[in-house]
Peer 1: 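Have a look at this one.
All chains are named by letter (A, B, ...) in the order of the sequence lines, taking the proteins before the strands, and each is independently numbered beginning at 1. In this text, all values refer to a predicted model and were calculated from it rather than measured experimentally.
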Protein chains: 2
Amino acid sequence: MTMSAQSLTQIKRNEAGNLFSGIEGCDSCPIRHRAVCSLCVGDELAALERIKFYRSFEPGQPIVWGGDRMDFVASVVSGVACLSQRLEDGRTQMVGLLLPSDFMGRPGRDVVAYDAVATTKVKLCCFRRQPFEEMIRKVPHLSQRLLEMTMDELDAAREWMLLLGRKTAREKIASFIAIIARRQAAIDAGPLNGRITLELPLTREAMADYLGLTLETVSRQINALKREGILELSGKRHVVLPEFARLLQEAGDDSDGGWIS
Amino acid sequence: MTMSAQSLTQIKRNEAGNLFSGIEGCDSCPIRHRAVCSLCVGDELAALERIKFYRSFEPGQPIVWGGDRMDFVASVVSGVACLSQRLEDGRTQMVGLLLPSDFMGRPGRDVVAYDAVATTKVKLCCFRRQPFEEMIRKVPHLSQRLLEMTMDELDAAREWMLLLGRKTAREKIASFIAIIARRQAAIDAGPLNGRITLELPLTREAMADYLGLTLETVSRQINALKREGILELSGKRHVVLPEFARLLQEAGDDSDGGWIS
DNA sequence: CGGTTGATTGAGTATTCTCAAGAGGAGTGG
DNA sequence: CCACTCCTCTTGAGAATACTCAATCAACCG
């Protein structure tokens, strides 16, 4: 099942029907300056290019299953993927939301710990695991950046734990929308005040799995916020926030609650 | 407030009344083979020794407050410390349980993100932050081990998220006791089946903050498990598990549920 | 022997879940 | 173009889990 880097000019398809090719360069890569490779230069980048290949996934398609062998690690180039953990009776908790530039997989471990599913069209920049692990050992620019990113993820996980353990359903929803707004603003480099428009990248069920709620509660709370004018809905996924600060107040966090503290 | 390494033969006290000294060597250190320094050898260890100092804390004493400046990072040598996050209205969620060999602090960040409190007598092996950060850059053995430990913590955080988001109060309690049993077994190198004895390192309130419950619910669930013979209590903190597998069944996890799968 | 802290227990409440029905949209095929 | 299906989402009613408030208990300490 090992997949070797492709150095062909044309695009091929693997067994699962995923597109992959090795022709794209790092120069024009949209996540070049934020991904695990962002500190790499010259030779280092060239070495990474030799062990990389791209794979794409359609919405709903599984990327890996927990327990499977995984022979690559990867950066999300575009799209959204979810990491989930499951109790045997089917209860599911999302434990990671992977957006562009986020890293997938754990160097030094060959078995996947969590299910990963594409929730939109996803493009991954994959690195063969063995040579990548070797580079981790030899290229400080790579291991430094990975350490930084892992610590960021740990911080995010801890924020998430506060949400799961202590926030009300209403606060969870408001917090989630705020998180999406922030991440979208970071990508688009847009401002984060006044009227904001965003697209929810998840179904109600996936949001429920993210927030530790049922999909019914998610639906009820979103519509409650809508009724109160804190958000406007067009369709099921498109959200407009007339006043971002009002949403933040509902999220229950300290910080930027609107007034100066 | 910068604290310099002590090279004195006698033990001193700082303003807070904490013991610290620089005389102890790494050779006899109880966490030498598991802490952040575990891969370091010879010169590397010597360099670490030059920037290290010990600090001790009494039960209940704060180690650092979220928002404070922090000029060191540290390994827990002995005792138990808790990392907590707080919502402005006082709701508290524990986000880290630091046992011996665990690492505290984030290289590259000078402001503390979470409150850290000693819950038992705690001894820290502290490293001055600036030189430690430099060593991270120059000593692969150090950054590799830190990366590994950070990834382990991320895995633990994600397991914890599953607990917070999806488990019932009863499962949370059972899971928590199982976690303590496992960590204690790992330290004592004891077996993990049949009759097991352990000490709860936290008060009911701290357990509640760990599990996203109220202290009353914690108390009720512990006593429910006691009534059903899944655990025995002597005093408030000392627990005996007559059959570890029965506890695991209550924890709701997959894996080793007693029967072979 | 009061005072304090941590833990237990009870009664009533509230938030969230469960189960169930139905609405709205997108895609398919006659 | 319409009926039909599938999927996601919404909404309602009742149930259950966990919370809140309050009283009591036990251990420890001055």
Peer 1: Check this one for me: any side-chain N or O of B:Asn223 less than 4.0 Å away from OP1 or OP2 of C:dA7?
Peer 2: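 So the side-chain polar atoms of B:Asn223 never come under 4.0 Å of the phosphate oxygens OP1 or OP2 of C:dA7.
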Peer 1: Would you indicate which nucleotide in C:dC17, D:dA18, D:dC9 comes nearest to any side-chain atom of B:Gln221?
Peer 2: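 Out of C:dC17, D:dA18, D:dC9, the nucleotide with an atom closest to B:Gln221's side chain is D:dA18.
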Peer 1: Side chains of A:Lys167 and A:Ser175: any donor to acceptor distance under 3.5 Å?
Peer 2: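 Short answer, yes.
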Peer 1: Mind calculating the distance between CG (A:Leu213) and C1' (D:dA16) to the nearest angstrom?
Peer 2: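 My rounded result for the distance is 16 Å.
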Peer 1: Indicate whether OP1 or OP2 belonging to C:dT9 is found under 4.0 Å from a side-chain N or O atom of B:Arg220.
Peer 2: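 So the side chain of B:Arg220 is outside the cut-off, no N or O lying under 4.0 Å from OP1 or OP2 of C:dT9.
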Peer 1: Kindly say whether B:Arg166 contributes a backbone atom to a donor-acceptor pair with the side chain of A:Arg91 at under 3.5 angstrom?
Peer 2: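 Answer holds: yes.
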Peer 1: What is the separation between atom CG on B:Asp209 and atom C1' on D:dC19, rounded to the nearest whole Å?
Peer 2: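 In whole Å, D:dC19 C1' and B:Asp209 CG are 15 Å from each other.
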Peer 1: Do you know the tightest heavy-atom contact between B:Ile180 and B:Leu198?
Peer 2: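 B:Ile180 and B:Leu198 have their closest heavy atoms at CG2-CD1, 4.3 Å.
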Peer 1: Output the rounded distance in Å from CD1 (B:Ile222) to P (C:dG6).
Peer 2: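 Going from B:Ile222 (CD1) to C:dG6 (P), I get 15 Å.
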Peer 1: Whole angstroms only, please: what is the NZ-C1' distance between B:Lys172 and D:dC19?
Peer 2: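 To the nearest whole Å, that distance equals 12 Å.
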Peer 1: Do A:Lys123 and A:Tyr54 meet the cation-pi criteria used here (NZ or CZ under 6.0 Å from the six-membered ring centre, within 45° of the axis)?
Peer 2: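 Verdict for A:Tyr54: a cation-pi partner in A:Lys123.
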Peer 1: Can you find a side chain N or O atom of A:Thr214 that sits less than 4.0 Å from OP1 or OP2 on C:dC17?
Peer 2: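 Result: yes.
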Peer 1: May I have the distance from B:His238 (atom NE2) to D:dA27 (atom C1'), rounded to whole angstrom?
Peer 2: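 So the two atoms are 18 Å apart, to the nearest Å.
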Peer 1: Starting at CG of B:Leu215 and ending at P of D:dT24, how long is that distance when rounded to a whole Å?
Peer 2: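 After rounding, the gap between these two atoms is 18 Å.
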Peer 1: Is the closest basic N to carboxylate O distance between B:Arg170 and B:Glu228 below 4.0 Å?
Peer 2: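 Looking at B:Glu228 together with B:Arg170, the answer is yes, because their closest N to O distance falls below 4.0 Å.
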Peer 1: Which nucleotide in the list C:dC19, D:dT10, C:dT9 gets nearest to the side chain of A:Glu216?
Peer 2: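 Of the options given, the side chain of A:Glu216 lies nearest C:dC19.
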Peer 1: Looking at B:Arg237, I'd like to know whether one of its side-chain N or O atoms comes within less than 4.0 Å of OP1 or OP2 on C:dG6.
Peer 2: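 So the side chain of B:Arg237 is outside the cut-off, no N or O lying under 4.0 Å from OP1 or OP2 of C:dG6.
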Peer 1: 5'-most contact on DNA chain C: A:Ala169 or B:Glu205, nearest heavy atom basis?
Peer 2: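 Nearer the 5' end of the strand: B:Glu205.
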Peer 1: Hey, does A:Gly212 reach any base, or is it just sugar-phosphate, or nothing, if we go heavy atoms under 4.0 Å?
Peer 2: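 The answer is sugar-phosphate, as A:Gly212 gets under 4.0 Å only of primed atoms, P, OP1 or OP2.
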Peer 1: Rounded to whole angstroms, how far apart are CZ on B:Arg227 and P on C:dT8?
Peer 2: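 B:Arg227 atom CZ is separated from C:dT8 atom P by 10 Å.
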Peer 1: Roughly how many Å is it from CG in B:Leu163 to C1' in D:dA18, rounded to a whole number?
Peer 2: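 Going from B:Leu163 (CG) to D:dA18 (C1'), I get 15 Å.
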Peer 1: Taking only side-chain N and O atoms of B:Thr203, does any of them lie within less than 4.0 angstrom of OP1 or OP2 on C:dG6?
Peer 2: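 Result: no.
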